[in-house]
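Okay, structure first, notes after.
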Amino acid sequence: MYAMIHPPIPFPLERWYARYETRTTHNLSGATVLPPRLDELPTPPPDLRLTYGYSHGHPALVDAIAAYHPGATPANVLVTHGSAEALYLLQRVLLTAGDRFVTPNPCYGALFLTGEEVGAQRIPWEVPWRDADPWESWDAALTHTPALVVVNSPHNPTGHTVSAADLERMAADVRRIGSRLIVDEVQRELQPDPPPPIFSMDPKAVSVGSFSKSFGLPGLRLGWIVADPAIIEACSALRDRTTICSSPLTEAIATAVLLEAPKWIARSWAMTAPNRALLEDWLADQPYLRGVVPEAGLTAFIRVWMQWPTLDLCDYLAETFGLLVAPGDYFGQPGFVRFGLGNDPNHFADGLTRLRSGLDAYIPRTR
Ligand SMILES: Cc1ncc(COP(=O)(O)O)c(C=O)c1O
């Protein structure tokens, strides 16, 4: 008798990428920028040995991350396998069955799926990205006495940002109800006048960061948690069973990258700025999609004007035109598609031409 398999709650967006990402030629949807090539990156020391790394991260990287979060010391830092692992560990150690926790709606699944899996109930905070009252849904969500509140700014998929003053208010609200605030800041640098990290504004709050987004290096698979040392220790103890440590090789590259942060962030801006303009022009000149390209972040969330089934539409575009725009269904918002703004602008422009052909040709299929 074989043991039963207990499948995890699926993460449909990432399953969809697993199905199509390597089989399509034009990815107009990814929340990242075109990464630099290895020969454009700082060279790791030639005498580096690929041992197991340090449990909390290489001390040089931990120091650099602490310095990047004013008020933090190395005891506040855990280097993780991308922010995906950071979010997993935090939900595992901060939530238990029967808890409630607040997350943005719509939102990227890694912000809530682990919490749901441990038996906590997700309370949506409706992101006020289309002129909604900015506080009504927030105030209502906090009345549920959540054990944890997760915010993401700039927000994937809408590009909505929370100002420094509003983050202050959120941190104060969450403290007042005796809860804990996590801010997913993986795109923090990709907004005009970024606020400080939340940990620097409130040392009881938790910053989650990554090399994948603003720094354009998802293949390093490195992120971080900056938090109270008790949280760091609990996450580190759990990490002994997930990834143990990070790779000394990628940590060496990441340390050099973080020490030159403005250069890599400027590179990401240089990639997204022309694509924002390209998408705006393209949107103005076709009948199918309507929406505003946000000023911040790596994604735009755009309405399909034709009442088309967006899951089917996105599968069709992937299968027939080799083109990815992500279905809003995977963010709980059928009728929308997500664009990613970080690809090479020539590739992005080509992809938009191809998208127009795909939309012209599309006839909804019933499944
Ligand atoms: C908001 C958000 N948080 C976290 C992640 C995970 O990224 P990584 O594990 O590469 O840092 C993503 C990836 O798309 C994301 O969009």
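Start at 1 and go down the list; that is how both ligands and their atoms are numbered. The chain is numbered in sequence order, starting from 1. Keep in mind it's a predicted model, so treat the numbers as computed, not measured.
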| message | Under 4.0 Å between a side-chain nitrogen and a carboxylate oxygen: does that hold for Glu319 and Arg365? | response | yes
| message | With a 4.0 Å cut-off on N to O distance, would you call Arg37 and Asp39 a salt bridge? | response | yes
Which N/O atoms of ligand 1 sit under 3.5 Å from a protein N/O, and at what distances?
residue  : atom   : partner : partner atom : Å
ligand 1 : 3 (N)  : Asp184  : OD2          : 2.6
ligand 1 : 7 (O)  : Ser83   : OG           : 3.3
ligand 1 : 9 (O)  : Ser83   : N            : 3.2
ligand 1 : 9 (O)  : Ala84   : N            : 2.9
ligand 1 : 9 (O)  : Arg221  : NH2          : 2.9
ligand 1 : 10 (O) : Ser212  : OG           : 2.6
ligand 1 : 10 (O) : Arg221  : NH1          : 2.7
ligand 1 : 11 (O) : Ser83   : N            : 2.8
ligand 1 : 11 (O) : Ser83   : OG           : 2.7
ligand 1 : 11 (O) : Ser210  : OG           : 2.6
ligand 1 : 11 (O) : Ser212  : OG           : 3.3
ligand 1 : 14 (O) : Lys213  : NZ           : 2.6
ligand 1 : 16 (O) : Asn156  : ND2          : 2.7

| task | Using the test side-chain contact (heavy atoms from CB on, under 4.5 Å), find all partners of Pro36 that sit at least two apart in sequence or belong to another chain. | result | Glu40, Leu41, Leu217, Trp264, Arg267
Under 3.5 Å, sequence neighbours excluded: what are the donor-acceptor pairs made by side chains of residues 60-68?
residue : atom : partner : partner atom : Å
Tyr68   : OH   : Glu189  : OE2          : 2.6

| query | Which residue, Asn156, Thr158, Thr299, forms the side-chain hydrogen bond (donor to acceptor under 3.5 Å, both in side chains) with Arg338? | reply | Asn156
| Can you list every pair that meets salt bridge (Lys or Arg N to Asp or Glu O under 4.0 Å) and has a residue in residues 237-248, with sequence neighbours left out? | Glu85-Arg239
